[in-house]
Amino acid sequence: MADSTDFNRFGESERDRKEGMAVALTWLMLFGAIFCEVAATLSLRASEGFSRIAWVIPVVLGYGVCFFLLAKVLDRGMPTALAYGVWSCVGIIATAIIAHFAFRDPLNWRMWLGMAIMIVGIIVLQWGSHTAVR
């Protein structure tokens, strides 16, 4: 049985590998939350003010699963500003692009510029979350 000082062929210890898998799972859960939020938001649009009752189910389930996963991401230690920033930024961008094609919502150069600025903001948040004093 190997201990944490043994390294695999990639030069990482078993502990490092497990930590990396935990971080990857946290990010996967965050993107699962984003997917559910986008699906719920688009379903909300498709429900036409809840006049199409069949769309209520994906709205309720999507938002429920979304917030459950987001809570788990925060519980796993991802900084709140980073988790919420990525969740909202990616969610807004994905919703805008999909709604453009699905519902013919507007998407002009100013909106693309705004989305690009949001992406830069998320990159800076991610960068800052690694250098923050704990």
A.B. asks: For the residue pair S47 and R52, confirm or rule out a side-chain donor-acceptor distance under 3.5 Å.
C.D. replies: no

A.B. asks: Are L25 and L82 linked, directly or through other ILVMFWY residues, by side chains that come within less than 4.5 angstrom of each other?
C.D. replies: yes

A.B. asks: Can you tell me how far CH2 of W55 sits from CD of E48, rounded to the nearest 0.5 angstrom?
C.D. replies: 10.0 Å

A.B. asks: For G85 and L125, work out which heavy atoms get closest and say how close.
C.D. replies: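 Taking G85 first and L125 second, the nearest heavy atoms are CA-CD1, 4.3 Å.
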
A.B. asks: Are V90 and F31 packed together at the side-chain level, in the sense that at least one heavy-atom pair is separated by less than 4.5 angstrom?
C.D. replies: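 Yes, their side chains come closer than 4.5 Å.
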
A.B. asks: May I ask you to test the V38-L42 pair for a side-chain heavy-atom distance under 4.5 Å?
C.D. replies: yes

A.B. asks: Applying the side chain to side chain contact (heavy atoms under 4.5 Å, CB included) test to Y63, which of V65, V59, V60 qualifies?
C.D. replies: V59

A.B. asks: Can you measure from CE (M29) to CG (L69) and round to the nearest 0.5 angstrom?
C.D. replies: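 Reported to 0.5 Å precision, the distance equals 5.5 Å.
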
A.B. asks: As a quick check of understanding, evaluate side chain to side chain contact (heavy atoms under 4.5 Å, CB included) for I98 and F103, giving each step before the final call.
C.D. replies: CA-CA 8 Å; I98 295 168; F103 305 113; over 6 Å; no

A.B. asks: About how many Å separate SG of C66 and CH2 of W87, when rounded to the nearest 0.5 Å?
C.D. replies: 5.0 Å

A.B. asks: Distance check, rounded to the nearest 0.5 Å: L70 atom CG versus D75 atom CG?
C.D. replies: 11.5 Å

A.B. asks: Please confirm whether the backbone N or O of D105 pairs with a side-chain atom of H100, one donor and one acceptor, at under 3.5 Å?
C.D. replies: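 Such a contact is found between H100 side chain and D105 backbone.
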
A.B. asks: For the atom pair OG1 (T26) and CE (M78), what is the distance rounded to the nearest 0.5 Å?
C.D. replies: 6.0 Å

A.B. asks: For residues L74 and Y84, determine if any side-chain heavy atom of one lies less than 4.5 Å from a side-chain heavy atom of the other.
C.D. replies: no

A.B. asks: For W112, what are the other residues in its hydrophobic cluster, where any two members join if their side-chain heavy atoms are less than 4.5 angstrom apart?
C.D. replies: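 Traced through the cluster, W112 reaches I92, I93, I97, F101, L107, M111, M115, M118, I119, I123.
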
A.B. asks: Could you report the tightest heavy-atom contact between C36 and G62, atom names first, then the distance?
C.D. replies: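 Closest pair (atom of C36, atom of G62, distance): CB-O, 3.4 Å.
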
A.B. asks: Which is it for V86 and W27 under the side chain to side chain contact (heavy atoms under 4.5 Å, CB included) test, yes or no, and what are the steps along the way?
C.D. replies: CA-CA 10 Å; V86 171; W27 278 97; 4.1 Å; yes

